[in-house]
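Order of listing sets the numbers, starting from 1, for every ligand and every atom in it.
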Amino acid sequence: MSALRTVLAGASIVGGALAASSAITANGQNFTLTGASSSYLFHVDQASGDLISDHFGGPATDFVNPPSISQSGWVAGIGDERREFPDVGRGDFRLPAIHISHADGDTVTQLIYKSHEISDGKPSLTGLPATYGNASDVSTLTVHLYDNYSSVAAALSYSIFPQYNAIARSFSITNNGTANISIERASSFSLDLPNLDLNMLELQGDWSHEANRVIRPVQYGETGFRSTVGYSSHIHNPFFALMSPSTTESTGEAWGFHLIYTGSFAATTERFSQGFVRVLLGLNPLHASIPVAPGQTFQSPEAVAVYSSEGLGGMSRSYHDLYKNHLSRSNHTFESRPVLLNSWEGLGFNINQSSLDQLAKETADLGIRLFVNDDGWFGNTPYARINDTAGLGDWTPNVNHFPNGLGPYVGDVNAFDTANTTESLMFGIWVEPEMVNPNSTLYHEHPEWAMHAGAHTRTLVRNQLVLNLALPEVQDYIIGAISNVINSANISYIKWDNNRGIHEMPTPATDYAYMLGMYRVMDNLTSTYPNILWEGCASGGGRFDPGVLHYMSQSWTSDNTDAANRLVIQMGTSIAYPPSAMACHVSAVPNGLTMRNISIEYRAHVALMCGSFGFELNPVDLSAEERAAIPGILDLWEQINAIVITGSFYRLRLPDDSNWPAVQFISANATTALVFAFQQQAMIKPAPPPLRMQGLNATGMYTSNAYNGSYSGATLMNAGLNPVFQIEDYQSQVIWLYRQ
Ligand SMILES: *[C@@H]1O[C@H](CO)[C@@H](O)[C@H](O)[C@H]1NC(C)=O
Ligand SMILES: *[C@@H]1O[C@H](CO)[C@@H](O)[C@H](O)[C@H]1NC(C)=O
Ligand SMILES: *[C@@H]1O[C@H](CO)[C@@H](O)[C@H](O)[C@H]1NC(C)=O
Ligand SMILES: *[C@@H]1O[C@H](CO)[C@@H](O)[C@H](O)[C@H]1NC(C)=O
Ligand SMILES: *[C@@H]1O[C@H](CO)[C@@H](O)[C@H](O)[C@H]1NC(C)=O
Ligand SMILES: *[C@@H]1O[C@H](CO)[C@@H](O)[C@H](O)[C@H]1NC(C)=O
Ligand SMILES: *[C@@H]1O[C@H](CO)[C@@H](O)[C@H](O)[C@H]1NC(C)=O
Ligand SMILES: *[C@@H]1O[C@H](CO)[C@@H](O)[C@H](O)[C@H]1NC(C)=O
Ligand SMILES: *[C@@H]1O[C@H](CO)[C@@H](O)[C@H](O)[C@H]1NC(C)=O
Ligand SMILES: *[C@@H]1O[C@H](CO)[C@@H](O)[C@H](O)[C@H]1NC(C)=O
Ligand SMILES: *[C@@H]1O[C@H](CO)[C@@H](O)[C@H](O)[C@H]1NC(C)=O
Ligand SMILES: *[C@@H]1O[C@H](CO)[C@@H](O)[C@H](O)[C@H]1NC(C)=O
């Protein structure tokens with residue numbers, strides 16, 4: 001892998017331009033967090049000791065009076081306050097951020113300000129993925145709260161990354177009493193916004209149908225969604241944006257809220273009688289009830305809020321830059337990722353060393369750099385993984401397929417040189433470490449390691465069960481088994497799949513404990529083997545979440561590789577995640593899921609807008625025309641991968657709003673822009689709207705492959721270009737702009 005390693009030019013926004021250390025001020029107990037173009041204000045109510053929200057939005061420097069609200073009726077006092085960290089049982093009738101069941105059976109909590117401290121940088125979160133940064137990137141305010149009546153301490157942490165207008169929040173609860181307590185609800189981010197008109201945008205879907213934008217008004221009562229799948233899931237992503245009704249892609253206010261967590265979650269807004277909008281994002285209460293013993297501390301996951309006055313696109317770019325620079329720990333984040341070919345859609349389970357060697361040779365002959373061996377390589381009689389009823393959990397190569405083990409086979413693969421180069425073909429492999437088939441040696445030796453609730457039926461999905469990663473012995477088994485695979489052969493890439501949800505947990509709190517265990521395993525393996533390119537996957541985008549992205553630089557975006565559907569899925573995913581983190585492949589036509597026939601150029605242009613590009617097909621199924629197109633596609637990849645990975649991303653037009661969707665990247669040095677322009681359906685009328693760029697230098701002059709001479713940035717942004725498409729379905733163009 002190291003021969004290939006080309007470290008690309010740095011991040012598009014370099015930390016440090018805005019001193020983080022002056023970003024937090026405390027005036028008495030009035031706290032101001034100042035971003036480049038945002039402010040977050042809250043204070044301690046001197047009479048009650050409660051924390052009160054003042055402002056989260058564009059720049060503001062003063063604490064102003066709250067709106068006057070009639071104090072008659074049942075809701076008064078704390079029930080009409082805008083609260084920072086709402087607890088429960090004292091007259092605030094809205095949903096709380098923290099709900100604790102105390103030893104005596106009551107659930108009243110009174111967390112009162114005790115002290116605070118401000119520090120440079122950001123402490124890590126024990127056992128959980130989180131954003132990170134040094135003193136010039138981020139500073140942290142920690143507010144300590146205490147409940148005298150139930151002996152519970154809370155530490156509420158705010159870390160501001162001023163450059164990105166981003167605030168990371170988490171909290172811990174320490175049981176300072178003498179009996180167990182139980183955490184029933186825990187919202188990592190909580191905030192009370194004033195009575196504003198807001199819409200909520202979420203990314204909703206299912207298997208092969210991920211990341212569809214759903215927008216609904218924030219009404220009185222609760223507006224929200226949750227995952228109870230045990231994982232973040234395809235059903236809902238752990239992200240939402242709030243927007244003014246007039247907000248567009250490029251104008252207006254947008255607030256993003258994003259949970260850095262892979263387990264079940266709940267995302268809620270609650271508009272109450274006074275019109276205030278409570279924001280809550282954290283654990284799903286159905287998968288909480290987390291016991292905290294005397295002297296012990298519960299740590300919540302982290303959530304990151306971003307404010308933008310430049311529309312949804314501005315919010316997205318803040319997340320993209322923050323996650324590339326301060327969430328992903330992978331060595332590969334800013335590196336070009338090798339073009340790959342995955343065996344699954346080509347061979348399925350029908351593999352052996354010679355069929356794989358043949359496919360690897362064809363891969364190399366096409367000029368591709370990385371060959372990926374998908375499912376079917378492991379397990380032995382009677383549990384050989386020759387179909388999906390057996391073998392998961394037994395991470396030893398199938399001796400019938402690989403009589404000499406993986407090492408010599410991978411040696412064969414490495415012996416092929418990628419066409420017209422002296423670079424040897426690299427090898428990657430598929431694993432699904434958190435799963436077990438009852439038909440496996442592992443299950444027969446350790447039936448107690450599979451997730452189960454007493455004597456309840458262990459419900460199978462895809463013939464498999466989930467291992468209980470809350471158990472340290474299961475974590476150690478996986479670390480050992482996967483390390484053995486890696487140590488046995490020259491492996492450059494690993495696809496880490498996960499193909500079912502969690503049912504029948506021993507306790508609701510097992511989901512959180514599982515996540516701590518899973519993160520321990522991922523942390524161990526990715527830090528022991530940092531040079532492996534790790535890709536997260538869960539039946540497609542079922543765990544496309546910031547938790548996995550902390551450890552792995554990329555995730556498989558969807559099992560749906562139909563270019564028409566994929567464009568919608570990728571555009572949706574880009575609302576919260578950088579294109580550099582998406583893995584996207586060209587597969588054969590007619591597409592196996594949708595039966596659509598789309599040209600290889602269009603399929604490639606859709607997949608090339610992602611950081612990790614590849615093919616998922618058997619080269620023998622390619623037509624002569626398709627085969628002839630591949631060298632050109634690989635050349636294009638070579639030219640664009642750097643700007644896709646390090647550039648800033650703009651959604652110019654969305655596939656669900658327009659027949660002519662388009663996206664744009666601008667290089668980190670702001671001199672080069674790349675536009676992918678698409679026409680979905682052939683149309684006689686109307687004419688395509690002008691394609692107007694964004695983010696260019698208005699007075700700069702740009703040359704292009706799309707016109708002669710040079711045009712100003714102002715012309716390109718305001719008048720726009722008129723790309724000529726043939727009257728045919730699924731036409732696409734790649735347009736370069738170079739500033740002179
Ligand atoms: C902090 O990190 C930035 C990159 O984000 C780097 O440029 C800078 O040198 C670092 N500063 C210190 C003091 O480590
Ligand atoms: C803190 O803000 C409140 C209004 O929320 C204001 O009454 C008070 O004077 C401020 N205190 C300081 C020290 O600025
Ligand atoms: C909590 O107890 C401490 C120490 O006994 C006392 O100083 C403080 O006033 C108490 N706070 C409340 C809100 O009762
Ligand atoms: C825990 O309680 C003891 C007394 O019971 C007190 O001294 C200590 O300050 C408390 N801890 C916290 C974090 O408040
Ligand atoms: C607290 O709960 C644990 C199980 O989570 C149990 O083992 C322990 O006995 C309990 N302790 C007390 C003081 O109730
Ligand atoms: C990859 O990251 C590890 C730390 O996680 C570091 O020690 C190593 O030098 C890095 N390798 C490269 C090639 O950047
Ligand atoms: C390899 O080079 C030959 C001759 O230049 C060319 O025809 C062929 O397309 C190249 N193959 C690939 C995969 O780039
Ligand atoms: C499926 O795999 C199992 C375990 O290797 C094997 O016993 C069984 O014959 C296979 N079934 C079919 C239909 O091939
Ligand atoms: C175990 O394998 C046998 C043989 O393929 C199959 O009939 C059976 O359904 C499998 N059991 C499970 C739980 O998948
Ligand atoms: C990974 O886990 C193994 C087994 O528990 C341990 O020996 C090793 O030190 C761990 N490595 C890292 C980097 O955490
Ligand atoms: C700017 O970045 C582009 C794309 O990464 C690169 O091709 C170009 O050479 C760079 N220009 C300068 C002046 O650094
Ligand atoms: C914009 O382009 C003009 C004209 O080429 C140049 O003088 C100016 O420095 C550029 N601005 C930025 C921010 O790059």
Under a 4.0 Å threshold between the charged nitrogen and the carboxylate oxygen, would Arg337 count as salt-bridged to Glu535? no
Relative to the heavy atoms of Ala419, which atoms of ligand 7 are at a distance of less than 4.0 Å? 13 (C)
Identity and distance of the protein heavy atom lying nearest atom 5 (O) of ligand 12: Gly700 CA, 4.0 Å
Among all protein heavy atoms in this structure, tell me which lies nearest to atom 11 (N) of ligand 2, with the distance rounded to 0.1 Å. Asn30 ND2, 2.9 Å
Under-4.0 Å protein heavy-atom contact, atom 9 (O) of ligand 12: no
Enumerated ligand 2 atoms positioned under 4.0 Å from heavy atoms of Phe63: 2 (O), 4 (C), 5 (O)
Taking the six-membered ring for Trp, are the ring centroids of His55 and Phe63 within less than 6.0 Å of each other? no
Any chance the rings of Phe272 and Phe93 have centres within less than 6.0 Å? no
Check each atom of ligand 12 against the heavy atoms of Asn697 and keep those under 4.0 Å away; list them by number with element. 1 (C), 2 (O), 3 (C), 8 (C), 10 (C), 11 (N), 12 (C), 14 (O)
With Arg83 as partner, the option from Asp92, Asp45, Asp192 fulfilling side-chain hydrogen bond (donor to acceptor under 3.5 Å, both in side chains) is Asp92
Side chain or backbone of Leu366 under 4.0 Å from ligand 7, or both, or neither, by non-hydrogen atoms? backbone
Please work out whether any backbone atom (N, CA, C, O) or any side-chain heavy atom from C-beta onward of Asp365 is under 4.0 Å from ligand 7, and answer side chain, backbone, both or neither. backbone
Taking side-chain contact (heavy atoms from CB on, under 4.5 Å) as the criterion, tell me which of Leu425, Thr418, Asn342 meets it with Thr363. Leu425
Minimum-distance protein heavy atom relative to atom 2 (O) of ligand 7: Asn420 ND2, 2.1 Å
Taking the cut-offs as 6.0 angstrom to the six-membered ring centre and 45 degrees off its axis, would you call Arg317 and Tyr650 a cation-pi pair? yes
Which bit of Asn27 gets closer than 4.0 Å to ligand 2, counting heavy atoms only: side chain, backbone, both or neither? both
With a 4.0 Å cut-off, would you call Arg369 and Asp417 a salt bridge? no
Minimum heavy-atom distance between Pro579 and Met609, given as atom pair plus value: CB-O, 3.4 Å
Any heavy atom of Arg739 under 4.0 Å from ligand 12? The part involved is side chain
